[in-house]
Amino acid sequence: MLHLLNTPQREAVVYLGGPCLVLAGAGSGKTRVITQKIAYLIEKAGMNAKNIAAITFTNKAAREMQERVGALLPKEMLKGLTVSTFHSLGLKMLREEARHLGYKPQFSILDSADAAKIISEQLVTTDKQLIRSSMSQISMLKNDRISPDKALAMAQSEGELQLAKLYRSYQDTLFAYQALDFDDLIRLPVDLFEAHPEVLEKWQNRLRYLLVDEYQDTNTTQYQLVKLLAGVTGLFTAVGDDDQSIYAWRGANVDNLRLLQEDFPKLQVIKLEQNYRSMARILRCANAVIGNNPKLFEKKLWSDLGVGDPIMVIESKTEEEEAAMVLDHLESSRFLSNGKYSNYAILYRGNHQARIIEKQMWGRRIPYVISGGQSFYDKAEIKDVLAYLRLIANEDDDPAFIRSVTTPKRGVGNVTLEKLGSYAATRNVSFFAAVYEEGFIHQVQAAQYEPLRLFCDFINRMQDRAAKEPAGPLLNELLLAIDFETWLYENDEPRPAEAKWKNVQDLVAWITKKGEEDDKSLIDIVQTIALITMLEGRDEEDVDAVKLSTLHASKGLEYPHVFLIGCEENILPHQNSIESNMVEEERRLMYVGITRAQRTLTISYCGKRRRAGEWQITEPSRFLKELPPEDVIISGRLAGDKPKPAMSKEERKAKNAELMARIGK
DNA sequence: TGGTTAGTCGTTTTT
DNA sequence: CGACTAACCA
């Protein structure tokens with residue numbers, strides 16, 4: 001197997017002398033290094049799979065890694081191998097150790113919508129901006145491992161004090177719900193390990209070798225978790241690329257790359273610079289753009305896959321025209337090469353940009369799938385069903401209670417809920433518990449109380465059965481009992497009920513499979529489900545369709561032909577990033593986009609687009625000017641502009657010759 | 001209590 | 001222009 005690797009890749013795989021950092025440029029085979037290293041650890045170094053943990057950032061990446069390792073070694077040898085995201089790993093640890101933290105092991109996980117609701121209630125506001133920024137500030141505090149108490153003590157200004165108070169009450173609310181948010185899943189294990197060395201030791205013994213993927217995306221807490229688990233032996237391999245760090249806004253800290261060298265002086269640094277994905281011109285563009293950023297580690301990608309076609313830049317007048325031209329190019333290219341739709345990806349900065357493309361795709365009957373954006377788990381009908389399951393697993397989960405008791409409608413309205421809520425608050429119990437309390441029963445009329453009681457009795461019965469009965473059939477029974485399908489058909493706007501019901505069926509199928517395969521109860525499954533965007537990507541692979549994706553969601557993927565749309569000032573780089581001096585990260589985003597392309601890259605922008613209903617003049621992105629002119633052909637037309645001539649034949653010849661020389665051909 | 005409607009508001013990226 | 005909310009009627 002090792003012969004399939006190039007020299008630095010092999011070096012990275014076999015190095016077991018201590019901490020190892022692999023600086024892996026885009027397309028340089030980092031997943032291959034990680035998977036081969038796992039195989040090497042088991043096969044050659046004689047390690048037990050259950051002592052190895054590979055940590056990624058997305059479930060998709062984890063799944064892919066699992067599959068690729070599965071192709072290298074027989075199943076028996078991989079038994080107990082941990083391949084998971086930081087969040088799933090934290091979740092696993094916390095389910096086992098919850099009691100050390102005063103939580104019950106059946107705690108719920110709150111998604112950001114639930115969290116936003118809590119914040120909005122605490123602040124008594126509906127201002128989305130304010131809620132958003134409060135959430136992100138609390139998240140930052142958590143990621144820097146500052147507790148509510150510490151935040152209160154540290155507060156320097158009125159604003160900071162308010163924030164700290166909000167943080168405190170938010171956290172108290174979470175505790176009352178017996179719920180954790182995403183950040184807690186990382187933060188609490190670190191707290192736990194610091195407070196209980198014996199627990200840390202247990203996990204150090206269990207996870208003796210760590211492999212961390214996308215290391216440049218780790219935040220302070222995640223790095224501390226890695227450091228704690230790696231312990232004094234420092235047996236880990238981190239793989240990352242500072243040029244692909246695009247998550248600073250959610251706390252990722254590129255400086256962790258430098259810290260690694262500081263904290264582990266013996267760190268072995270290995271660079272992977274040969275790219276196996278893109279043709280030379282694409283890499284030249286990528287290198288040129290990223291060259292405008294300051295460098296942490298010197299690194300230059302190269303490939304021997306040939307020069308390739310020039311990068312095409314399409315100009316158009318409006319966003320509709322942009323979509324039309326991009327799709328024209330896409331269709332004619334696909335026609336000429338007789339290729340598959342799935343060879344094409346359209347990438348953009350923000351989710352909303354997909355809509356215009358989507359509309360035209362639909363009109364032209366071009367098949368497409370959208371990755372990123374609203375995940376399966378975020379769909380209303382799925383959240384409805386999961387609310388029931390969450391409540392069954394943890395009856396203290398008030399958001400789940402509220403959602404499930406009101407969907408489908410069962411005669412419990414806002415007034416009753418309000419009463420229940422304030423009663424629960426004064427008694428300091430959950431909504432669910434309050435329903436059974438004498439004090440509450442007398443507060444409402446029998447007609448209002450009846451449905452509440454019926455609902456809670458129903459949940460109680462389900463709880464008894466959920467621990468023992470097969471998951472799939474029980475869930476089906478639940479859906480039948482609440483008449484969920486009928487409810488969907490009665491509410492088939494704006495999305496058709498068939499589609500929603502299909503999603504629910506997919507969920508049932510997934511849970512049934514999980515229940516049978518791993519012999520897990522409904523409760524077991526529900527407790528891990530919050531982090532799984534399960535059906536994501538399921539049919540993506542076998543359906544022949546154009547991929548629409550945000551730049552963020554495209555990281556780690558590759559496509560023969562890539563279109564990068566909306567390449568304009570205030571979009572890419574995004575306005576907020578320009579205002580907050582974050583243009584370097586936007587440039588890395590551009591870099592990520594460019595390096596997704598294998599054979600051709602087409603970039604587009606338009607002269608004006610609608611924003612909040614108003615037409616706005618737009619300027620081409622500054623990043624366009626950073627592309628090497630000799631590798632670019634501009635086509636299309638902008639209002640007032642003549643199409644620009646391509647380079648002359650002679651110029652191109654000379655440039656090509658120079659290029660060939662540069663890449664050593 | 002629940003569904004309909006007429007206003008209002010405003011677009012980053014995600015585990 | 002379209003999604004989402006707050007008042008409004010059945």
Side-chain angles (χ1 to χ4, degrees), chain A residues 55-62 84-91 109-113 115 120 126-129 132-133 135-136 139 142-143 180-187 214 217-219 221-222 245-252 319-320 347-356 359 371-375 377-378 380 406-418 444-445 447-448 451 487 490-491 493-495 530-533 536 549-555 566 570-580 582 585-586 588-589 592-593 609-616:
Chain A
I55 309 174
T56 64
F57 274 83
T58 65
N59 294 299
K60 208 180 198 171
S84 76
T85 63
F86 267 105
H87 296 271
S88 314
L89 181 63
L91 177 64
I109 295 162
L110 238 48
D111 62 43
S112 23
S120 105
T126 54
D127 182 349
K128 274 171 100 181
Q129 282 288 322
R132 212 197 185 90
S133 85
M135 283 176 71
S136 111
S139 176
K142 287 189 171 188
N143 289 338
L180 303 179
D181 66 14
F182 288 133
D183 298 320
D184 288 338
L185 296 178
I186 319 285
R187 185 178 69 103
E214 306 280 13
D217 289 337
T218 52
N219 62 36
T221 316
Q222 286 159 338
S245 159
I246 53 175
Y247 285 105
W249 53 273
R250 75 171 193 209
E319 45 192 346
E320 280 84 11
L347 309 180
Y348 37 82
R349 176 65 232 261
N351 288 117
H352 62 279
Q353 291 176 45
R355 197 184 297 136
I356 281 178
K359 217 164 150 185
S371 62
Q374 199 192 31
S375 76
Y377 174 72
D378 281 332
T406 52
T407 5
K409 303 287 181 239
R410 51 163 55 77
V412 179
N414 287 333
V415 181
T416 311
L417 272 180
E418 204 100 329
V444 290
Q445 310 246 317
Q448 271 73 258
W487 157 258
E490 285 165 0
N491 298 276
E493 293 291 324
R495 281 162 47 240
L531 292 178
I532 303 170
T533 40
E536 122 197 297
S549 167
T550 62
L551 286 164
H552 282 92
S554 77
K555 191 158 76 148
N570 297 326
I571 292 184
L572 180 65
H574 193 275
Q575 186 170 10
N576 298 358
S577 304
I578 296 174
E579 282 162 9
S580 54
M582 303 273 286
E585 177 149 316
E586 298 288 304
R588 292 193 287 269
L589 208 42
V592 166
R609 68 175 67 234
R610 244 191 307 260
R611 239 154 123 126
E614 292 290 299
W615 282 103
Q616 264 193 345

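- Taking the six-membered ring where the residue is Trp, A:H552 and A:Y247 present tilted rings, their angle falling between 30° and 60°.
- Between A:I356 atom CD1 and C:dA3 atom P there is a gap of 13 Å when expressed in whole angstrom units.
- Scored by the salt bridge (charged side-chain N to carboxylate O under 4.0 Å, His left out) test, A:E319 finds A:R609 as partners (sequence neighbours excluded).
- The distance between atom CD of A:Q616 and atom P of B:dG10, rounded to the nearest whole Å, is 15 Å.
- Nucleotides C:dC4 and B:dT13 are separated by 14 Å at their P atoms, to the nearest Å.
- No donor-acceptor contact under 3.5 Å links the side chain of A:R611 to the base of B:dT11.
- Every residue meeting the side chain to side chain donor-acceptor pair (under 3.5 Å) condition with A:D184, not counting sequence neighbours, appears here in chain and number order: A:K142, A:Q171, A:R187.
- The pair A:E320-A:K359 does not meet the salt-bridge criterion, since no charged nitrogen lies less than 4.0 angstrom from a carboxylate oxygen.
- Between the P atom of B:dT14 and the CG atom of A:L185 lies a distance of 19 Å, rounded to the nearest Å.
- Every residue two or more places apart in sequence or in another chain was checked for a side chain to side chain donor-acceptor pair (under 3.5 Å) with A:Q448, and none qualifies.
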* To do: Please assess A:I109 against A:H87 for the test side chain to side chain contact (heavy atoms under 4.5 Å, CB included), listing each intermediate value before the final yes or no.
  => CA-CA 11 Å; A:I109 295 162; A:H87 296 271; over 6 Å; no

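- With sequence neighbours left out, A:S120 forms a side chain to side chain donor-acceptor pair (under 3.5 Å) with no residue at all.
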List every contact pair, protein side and nucleotides 2-5 of chain B side both N or O, where the distance is under 3.5 Å.
unit_1, atom_1, unit_2, atom_2, d
B:dG2, OP1, A:G411, N, 2.7
B:dG2, OP2, A:V412, O, 3.0

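- Taking atom CE on A:M582 and atom P on B:dT13, their separation rounds to 15 Å, with Å as the unit.
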* Structure fact -> The contact string for nucleotides 5-10 of chain C, one letter per nucleotide 5' to 3', using protein heavy atoms under 4.0 Å with B, S and - for base, sugar-phosphate only and none, comes out as -S----

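- If you take atom P in C:dA6 and the same atom in B:dT11, they sit 15 Å apart, rounded to whole Å.
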